[in-house]
Amino acid sequence: MSDIDVRFSPSTAQDAGSFRLIELPPELCQLIESTMNAPSHAQSTLCVKGSIAEDAVLCTADKTYALRSVQLSNTLLVTTPSRTDSGRAVNVRDRIHEVLELVPSVPKLHKLPMLLKGAQYDEGDEDRRVTLVKYTYDQALCEIQASEAEFQQGLKEKRILVLDGYLRPIVPTHLSTILELILSYVVTLSLSYQAAGVEELVSTLADEHEVPREVSGQIISWFGPVKEGLWEMDVKAVVAEIGLEILRHYKHEPIVESEFLSKWKNKVGDTFEAFLALELLTGNYLRSQDNSSSAALTYFPASGLQMDPAARFTELFLTKQRWKSNDIEPFLSDIAVNSKERDKLLLKYARAITTPEGTWYTSRVGYNN
């Protein structure tokens with residue numbers, strides 16, 4: 001092996017702390033290698049996001065990774081060839097004591113409702129547009145710690161419209177009303193819910209109920225793919241959204257399950273009542289049943305819980321001291337990137353108890369309910 005003359009560069013003090021080493025997971029290595037020789041329009045972009053108060057994340061086009069600092073037992077030297085000595089001399093530019101590790105992470109979409117508070121879209125919206133809080137798509141994309149694909153999916157799942165470039169969460173009651181109209185017109189216009197003409201639905205809603213075409217068009221796209229002007233409706237998703245709006249009114253006082261199902265059937269109509277199933281609303285309610293009464297449902301959405309895992313488990317165990325395995329898991333899906341990560345959280349914050357009824361989880365710390 002040839003000898004190398006290692007020298008400290010005059011700029012070492014100036015460069016100190018300016019270099020970072022990132023350990024890339026295999027999928028990111030493949031992504032970078034695949035685009036190195038690709039045309040500029042096909043190259044992927046990596047973006048680091050995070051405010052001063054947030055831990056940084058790295059985003060690809062469709063995934064989010066948390067950046068974690070890992071201390072090194074040995075110091076690494078960053079060197080560059082000497083500009084003055086064309087031989088075997090290198091200059092030390094910096095000393096590295098840590099490496100940044102990339103760990104798959106769930107997108108941090110919980111800030112969206114706070115950013116868009118006061119920008120809700122409701123019936124008769126045209127009369128109040130001047131006074132609305134305005135937040136553009138590009139502004140939110142820069143601030144939200146998520147890839148663009150995850151961001152777009154988040155807008156869809158959180159029912160946020162993009163109107164004139166601005167983000168507008170639709171009021172749930174108004175959304176439910178529009179969905180009920182859509183179900184009704186699919187029947188009265190003799191349309192197939194597997195291939196309904198979008199133009200016919202959009203025009204009917206605009207003419208009969210003054211629902212703007214850009215609003216109804218986006219809502220339709222939330223609930224199933226549109227191909228060549230035909231909509232393949234995700235009936236279960238539509239039915240679930242209507243049921244969720246009914247359930248929202250029972251956050252403080254429960255509703256008897258049979259009464260809730262009756263209200264739900266009336267909303268969706270005879271044609272679609274066969275799609276009703278309480279499982280469609282999993283992760284949005286608590287079910288209780290006394291020996292002397294019928295089962296009752298209380299609105300309890302996972303989206304309303306803290307994103308910090310420790311705080312999330314505190315809320316869950318203050319609500320119920322014991323959770324069945326299949327009951328608690330839906331309330332952890334938005335803070336765990338996969339089932340393996342979810343199981344790690346359960347192992348860290350909960351204690352598993354096996355009984356003839358199955359596995360139950362209790363808190364590792366005591367709470368006063």
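We count residues from 1, following the sequence as given. The structure presented is a predicted model; accordingly, all values stated were derived computationally and were not measured.
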Q. Do side-chain atoms of Ser262 reach the backbone of Ser258 as a donor and acceptor pair under 3.5 angstrom?
A. no

Q) Hey, does the side chain of Ser333 reach the backbone of Pro330 with a donor-acceptor pair shorter than 3.5 angstrom? A) yes

Q) Is it true that Glu245 and Arg248 make a salt bridge, defined as a side-chain N closer than 4.0 Å to a carboxylate O? A) yes

Q: Measure from the side-chain N and O atoms of Arg351 to the backbone N and O of Ser363, and report whether any donor-acceptor pair falls under 3.5 Å.
A: yes

Q: Spell out, as yes or no, whether a donor-acceptor pair under 3.5 Å connects the side chain of Gln218 to the backbone of Val162.
A: yes

(Q) For Ile220, is there any backbone N or O sitting under 3.5 Å from a side-chain donor or acceptor partner on Trp231? (A) yes

**Q.** Donor + acceptor pair across side chains of Asp327, Ser325 (<3.5 Å)
**A.** no

Q.
Donor-acceptor pair, distance only, cut-off 3.5 Å: does the side chain of Lys49 make one with the backbone of Leu58?
A. no

Q. Do Ser203 and Glu199 have side-chain N/O donor and acceptor atoms under 3.5 Å apart?
A. yes

Q: Establish, yes or no, whether a centroid distance under 6.0 Å links the rings of Phe331 and Phe300.
A: yes

**Q.** N-O pairing of Arg159 and Glu241 below 4.0 Å
**A.** yes

Q) For Tyr299 and Glu253, does a side-chain donor sit closer than 3.5 Å to a side-chain acceptor? A) no

**Q.** Pairing of Lys63 and Glu150 as salt bridge, 4.0 angstrom limit
**A.** no

Q: Before accepting this row, confirm whether a basic side-chain N of the pair Asp122/Arg168 lies closer than 4.0 Å to the acidic partner's carboxylate O.
A: no

(Q) Could you check whether Lys227 pairs with Glu232 (Lys NZ or Arg NE/NH1/NH2 to Asp/Glu carboxylate O, under 4.0 Å)? (A) no

Q.
Check whether Phe275 forms a cation-pi arrangement with Lys236 (NZ or CZ under 6.0 Å from the six-membered ring centre, at most 45° off the ring normal).
A. no

Q.
Keeping Thr204 on the side-chain end and Glu200 on the backbone end, is there a donor-acceptor pair under 3.5 Å?
A. yes

Q. Got a donor-acceptor contact below 3.5 angstrom from the Glu54 side chain to the Ser51 backbone?
A. yes

Q. Quick one: are Tyr65 and Pro25 in side-chain contact, heavy atoms under 4.5 Å?
A. yes

Q. Can we say Glu180 and Lys267 salt-bridge, meaning some charged N sits less than 4.0 Å from an Asp/Glu carboxylate O?
A. yes

Q: Mark yes or no for whether Glu315, through its side chain, and Gln306, through its backbone, hold a donor-acceptor pair below 3.5 Å.
A: yes

(Q) Quick check: do Thr362 and Ile353 have side-chain heavy atoms less than 4.5 Å from each other? (A) yes

